[in-house]
Undergrad: 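Sharing a structure with you now.
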Amino acid sequence: MTDERRKIMRVLSGETLSPPPLWLMRQAGRYLPEYRETRAKAGSFLDLCYSPDHAVEVTLQPIRRYGFDAAILFSDILVIPDGLKRNVRFTEGHGPEMDPIDEAGILALKPEGVIAHLAPVMEAVRRLRQDLPVETTLLGFCGAPWTVATYMIAGHGTPDQAPARLFAYRYPKAFEHLLMLLADISASYLVAQIDAGADAVQIFDSWAGVLGEKEFEAFAVKPVARMIASVKTQRPQARIIAFAKGAGYQLKTYRQKTGADAIGLDWSVPLAFARELQQEGPVQGNLDPMRVVAGGKALEDGIDDILQHLGHGPLIFNLGHGITPQADPANVSALVERVRGWRG
């Protein structure tokens, strides 16, 4: 049974809490001097992800500093293609890169051994659950199949994921095979994180916003629904947050079609629409990360708007995407203080 003191788990079960619990996407990151120090010790970014000592340390840093209601495992969505032997590497100033995959490469992918490759991640999860305060929810995560596939096809990030969209039109069967393979591996990965001690998990579909209506259904909804059904069949108690960044109006049916317990909202989602979505269950979001960089009145107004619109229903307060390296840690302290001081 989940400890009743874990407020985020209570919200994921449909409760409204005032003030709402909060955590921030990328809360362990370059805006924190202690993270930069650990990152320098770790060597490469993947070494940081695969070293339980370092991964546990950077996950705990924002909890020590801010007392967030959730810690999210420090890792990366591209550990799955790394486990599929796609030669993933992170180059300073260039972001992630890997060997681009083609139709033959997709058909040759072998899922065996991927979860074993990720054993250090599960070790970090186990240690985190032991080291975290009892009231802190531990979140695991993975990338959604569409978002992971975009990197695998292009070999790097692109502004609108044109390489993946073009590939999907030209080679629909191979592309569907890739999405379903990623869905099945990712579901197993989430189950392993839950078994290791994660209280809940989040699926990040960071590139959902570049898809048209039919493509969103085929590439963003169908694989995520398959994942969630698989996880919940194996672990019925699992709580899952699905974050489809940029999905806009297509969020209207996203929860119902995917089976997610909560949906993450990016900062472009109008608060009136967010309130509609909240009628069907918990929502998470959706402060513009630039307000945390700006601080002051911009930060206060953004926080107040979200709390006034969404604070009277099941809400996990968060950003609409990850915190940026330019954010001042003092502004994050001000954010926590303002949210925690709110009474609806």
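Every heavy atom of this structure was used, including side-chain atoms; hydrogens, water molecules and symmetry mates were not.
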Undergrad: After noting the C-alpha distance and the side-chain angles of Ser51 and Asp53, does the key distance pass the side chain to side chain donor-acceptor pair (under 3.5 Å) rule?
TA: CA-CA 5 Å; Ser51 159; Asp53 287 347; 5.2 Å; no
Undergrad: Please check: side-chain N/O of Thr147 versus main-chain N/O of Gly143, any donor-acceptor pairing under 3.5 Å?
TA: no
Undergrad: Check this for me, if you would: do Asp69 and Arg6 make a salt bridge, where the nitrogen-to-carboxylate-oxygen distance has to be below 4.0 angstrom?
TA: no
Undergrad: Are any of the side-chain nitrogens in Arg338 or Asp304 under 4.0 Å away from the carboxylate oxygens of its partner?
TA: yes
Undergrad: What are the two closest heavy atoms between Ala149 and Leu179, and how far apart are they?
TA: CB-CD2, 4.0 Å
Undergrad: If you take all heavy atoms of Leu73 and Leu138, which pair is closest and at what distance?
TA: N-CD1, 4.4 Å
Undergrad: Looking at every non-hydrogen atom in both residues, tell me the closest pair between Ile203 and Leu190 and how far apart they are.
TA: CG1-CD1, 4.1 Å
Undergrad: Please confirm whether the ring centroid of His54 lies under 6.0 Å from the ring centroid of Phe45.
TA: no
Undergrad: State yes or no: are the ring centers of Tyr169 and Phe175 separated by less than 6.0 Å?
TA: no
Undergrad: For Arg226, does its backbone N or O pair with a side-chain atom of Ser230 as donor and acceptor, under 3.5 Å?
TA: no
Undergrad: Does Asp205 use its side chain to pair, donor to acceptor, with the backbone of Phe243 at less than 3.5 Å?
TA: no
Undergrad: Quick one: does any side-chain atom of Asp76 pair with a main-chain N or O of Val79 as donor and acceptor, under 3.5 Å?
TA: no
Undergrad: In this structure, would Tyr151 and Tyr171 fall into the same cluster of hydrophobic residues linked by side-chain contacts under 4.5 Å?
TA: yes
Undergrad: Test of understanding: clusters of I, L, V, M, F, W, Y form through side-chain heavy atoms closer than 4.5 Å, transitively. Do Ile303 and Leu271 belong to the same one?
TA: yes
Undergrad: Is there a donor-acceptor contact under 3.5 Å from the side chain of Asn318 to the main chain of Met25?
TA: yes
Undergrad: Donor-acceptor pair, Arg239 side chain versus Val201 backbone, under 3.5 Å?
TA: no
Undergrad: Hey, are Asp301 and Lys297 close enough for a salt bridge, meaning a charged N less than 4.0 Å from a carboxylate O?
TA: yes
Undergrad: Sequence neighbours left out, what passes salt bridge (Lys or Arg N to Asp or Glu O under 4.0 Å) with Glu135? Give chain and number order.
TA: none
Undergrad: Applying side-chain contact (heavy atoms from CB on, under 4.5 Å), name anything that partners Asp47, two or more places apart in sequence or on another chain.
TA: Ser44
Undergrad: Kindly indicate, with the supporting measurements, whether the criterion ring pair (Phe, Tyr, Trp, His ring centres under 6.0 Å) is fulfilled by Trp23 and Phe68.
TA: CA-CA 5 Å; Trp23 68 281; Phe68 290 124; 8.5 Å; no
Undergrad: Show the numbers, then the answer: is there a side chain to side chain donor-acceptor pair (under 3.5 Å) between Gln161 and Thr158?
TA: CA-CA 5 Å; Gln161 304 304 354; Thr158 67; 3.0 Å; yes
Undergrad: Whether the side chain of Gln27 engages the backbone of Leu24 through a donor-acceptor N/O pair (distance < 3.5 Å, no angle test) should be reported.
TA: yes
Undergrad: Does Val148 belong to the same Ile/Leu/Val/Met/Phe/Trp/Tyr cluster as Ile115, with side-chain heavy atoms less than 4.5 Å apart forming each link?
TA: yes
Undergrad: Whether the side chain of Gln202 engages the backbone of Ile241 through a donor-acceptor N/O pair (distance < 3.5 Å, no angle test) should be reported.
TA: no
Undergrad: In terms of side-chain geometry, is the basic nitrogen of Glu176 or Lys222 positioned less than 4.0 Å from the acidic oxygen of its partner?
TA: yes
Undergrad: Do the charged groups of Glu57 and Arg64 touch, with an N to O distance under 4.0 Å?
TA: yes
Undergrad: Applying ring pair (Phe, Tyr, Trp, His ring centres under 6.0 Å), which residue pairs with at least one partner in residues 280-336 are found, sequence neighbours left out?
TA: His312-Trp342
Undergrad: For Pro282, is there any backbone N or O sitting under 3.5 Å from a side-chain donor or acceptor partner on Arg255?
TA: yes
Undergrad: Would Lys257 and Glu217 pass as an ion pair if we require N to O under 4.0 Å?
TA: yes
Undergrad: Using every non-hydrogen atom in the two residues, find where Met152 and Pro81 come nearest and quote the distance to one decimal.
TA: CG-CB, 3.9 Å
Undergrad: Say whether Met290 and Leu22 are linked into one hydrophobic cluster, either directly or through other cluster members, by side-chain heavy-atom distances under 4.5 angstrom.
TA: no
Undergrad: For the pair Lys252 and Glu276, find out whether any cationic side-chain nitrogen is under 4.0 Å from an anionic carboxylate oxygen.
TA: yes
Undergrad: Can you classify the ring geometry of Tyr31 versus Tyr66 as parallel (below 30°), tilted (30 to 60°) or perpendicular (above 60°)?
TA: parallel
Undergrad: I'd like to know if Lys85 pairs up with Asp99 as an ion pair, taking the criterion as any Lys NZ or Arg NE/NH1/NH2 lying under 4.0 Å from an Asp or Glu carboxylate oxygen.
TA: no
Undergrad: Which atom names give the shortest non-hydrogen contact between Leu299 and Ala334, and what distance separates them?
TA: CD2-CB, 4.3 Å
Undergrad: Could you give the distance from CZ (Arg89) to OG1 (Thr91), rounded to the nearest 0.5 Å?
TA: 7.0 Å
Undergrad: Quick check on the 6.0 Å ring-centre criterion: do Phe141 and Tyr189 meet it?
TA: no
Undergrad: Hey, any chance Val336 and Leu319 share a hydrophobic cluster, counting ILVMFWY side chains that come within less than 4.5 Å of each other, even indirectly?
TA: yes
Undergrad: Does Trp146 use its side chain to pair, donor to acceptor, with the backbone of Trp207 at less than 3.5 Å?
TA: yes
Undergrad: What heavy-atom pair brings Ala124 and Val56 nearest, and what distance separates the two atoms?
TA: O-CG2, 3.7 Å
